[in-house]
J.: 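Below is a structure I'd like to ask you about.
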Amino acid sequence: MQAINASIGFDQKLAAEDIAGSKAHATMLAKQGILSDADRDAILSGLDAILAEIEAGEFPFSEELEDIHLNVEARLKDRIGEAGGRLHTGRSRNDQVATDFRLWTRKSLDLFDHLLTDLMTALLDQAEAHADTIMPGFTHLQSAQPVTFGHHMLAYLEMFARDRSRMRDCRVRMNESPLGAAALAGTPYPIDRDMTAEALGFDRPMANSLDAVSARDFALEALAAASICATHLSRLAEEIVIWTSAQFRFIALSDAFTTGSSIMPQKRNPDAAELVRAKVGRIMGSLTALMIVMKGLPLAYSKDMQEDKEPVFEAFESLELALRAMAGMVRDMAPNEARLAEAAGAGFSTATDIADWLVMHLNKPFRDAHHVTGRIVALAEEKGLTLDGLALSDMQAVEPGITDEIFSVLSPLASATSRMSYGGTAPDRVREQVKRWRSQLT
Ligand code: ARG
C-alpha cells in the first residue's frame, strides 16, 4: 500500500509552493479570527524554518507520511507543537495540492515565456545578420524557389511567438485559486478566499469548490502548449540535422553543440539537435498520459489525480532543456553562404521566375507561361545546364518573344529580391520584419 500510495518521491518538488500556500492560509485564518496571532506567528516561522531545511537538503522526507503536505505538517508539529495541528483548519489536502500544483505550473509557464523570448531573440539576430543570404526554399524537400536565410529564421520566430502567446493565454486562464475549496464542498469556517488568492498572486478564487479540487485542465492546457512548442522545436532540429550533413553543408555547428564519434574521426554529430527532435516524444506522451488519467473521472477528487504530477514534471524538464539547447544552437550556427548560394540555384529553382516574366512581359496567361517554362526547363535539363546558363537562342526556340531582359530574373538573388509581397522573402521585407520584432522583443 505504501509503495503505490506515496507521492513524496516526486511531489517534494512542490515544497516551496506548499509552504507558500500554508503561509497564506495561516495568515488568513488569523485575520479572520480562526487562529490566534501567537499560533499564526509560530506557524509562519516554523514553515520558514522547514523551507530552509528542505533547501539545505536536510529535511527528513518520510514515505510513511505519504506526500509533501503530510511531511511538512508533521514536521511543523514536531517543531512548534499543538499550534502546528491548527494549520489544517478549513482546508484539505485536496485544495492544497490543487493550489500547489497550479503555483508550480504557473512558475514553469513564466520560465518558458522567458526561454522562448531568448530563443526568439537568437533567431532574430540570425535573421538580421542574414537578411540577404540566399538559400534554397523547399517544398517536399525538393528545391522550390530561392528564399533568404533570414526569412527562414523568421518563420520559426513566428512559430515560437505563437507558442509564447499560447503559454500566456494558458496562464491567464489558470490563474485562479483553488485554496479554500477544502475537501470538495467548501468549509463552515468564515475563511476569506479572496485574501489567500491575492496573497498567492492569483486573480481571484475559483468559483466552484467541486471544480476547484478536481480541475486539471490547466495542466492539460500547459502540456498541450508544451507539445505544440516541442513540435516546432523538433522541426527546426530536423532542419539542423539535415543542414549540417556532409551532403548539404548549409550550416556548421561548433564543437559546443556536436560530438565526435568513437571510431570515425571525421564525424561531428548534431546530438543536441537530435535530442531536441526526440524530446517531443516524452512531452506529447505526457499530454496523452494525463488526458487518459483525467478522462472519465467522477467529481470530485480521486487519487488517480496524484498521477498528474510526474508527466508534467517530466514534460517541462524536457521542454526547458530543449529550449535552452535550441537557443544555444541557433546562436552557434554559422551559415555557409557560398554553399547556400550554390544550392539556391540548383534544381531549376528560378523556373517560376521565367513563367512570371512571360506573364508580365508577354501578357501570357499564367497556365500557358507555366507550360512554356516547363519546356525550357526540359531543354536545360537535356543540355545539363542551369536556367541562367541557357543561351537566349535556346529559349527563343521555345518562345520567340523572349528577350535578353529575362536574364535579369534568373539568378536566385534576383528571384528572392523580386518577392516583395507582404510576408515575402525579399531582403527588404525581411529587414522590415526584423525591425518590427526588434521593437517588440526589447
Ligand atoms: N498526494 C495527493 C495528490 O497528489 C494529495 C491529495 C490527497 N488527498 C486525498 N484525499 N487523499 O493528489
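No experiment lies behind these values; they were computed from the predicted model shown. Positions are given from 1 along the sequence. Atoms within a ligand are numbered from 1 in the order they appear, just like the ligands themselves.
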J.: Can you name the side-chain contact (heavy atoms from CB on, under 4.5 Å) partners of Ala15, sequence neighbours left out?
T.: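 Testing Ala15 for side-chain contact (heavy atoms from CB on, under 4.5 Å), a comparison that skips the adjacent residues, returns Ile54, Ile68.
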J.: May I have a table of the N/O to N/O pairs between ligand 1 and the protein that fall below 3.5 Å, each row giving the two atom names and the distance to 0.1 Å?
T.:
unit_1	atom_1	unit_2	atom_2	d
ligand 1	1 (N)	Ser7	OG	3.2
ligand 1	1 (N)	Asp67	OD2	2.9
ligand 1	1 (N)	Gln306	OE1	2.8
ligand 1	4 (O)	Lys309	NZ	2.7
ligand 1	8 (N)	Asn94	OD1	2.8
ligand 1	10 (N)	Asn94	OD1	3.0
ligand 1	12 (O)	Tyr301	OH	2.4

J.: Can a donor-acceptor pair be found between the side chains of Ser286 and Arg282 at a distance below 3.5 Å?
T.: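 No.
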J.: For residues 136-143, which side-chain N or O atoms pair as donor and acceptor with protein atoms under 3.5 Å away, sequence neighbours left out?
T.:
none

J.: Taking the six-membered ring of Phe202, is the NZ or CZ of Arg193 close enough (under 6.0 Å from the centre) and on axis enough (within 45°)?
T.: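 Not satisfied by the 6.0 Å and 45° rule.
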J.: Considering residues at least two apart in sequence or located in another chain, which fulfil the side-chain contact (heavy atoms from CB on, under 4.5 Å) criterion with Lys77?
T.: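 With sequence neighbours excluded, Lys77 shows a side-chain contact (heavy atoms from CB on, under 4.5 Å) to Glu73, given in chain and number order.
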J.: Can you confirm whether the side chains of Arg436 and Gln433 place a donor and an acceptor under 3.5 Å from each other?
T.: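 Indeed, the side chains of Arg436 and Gln433 share at least one donor-acceptor pair under 3.5 Å.
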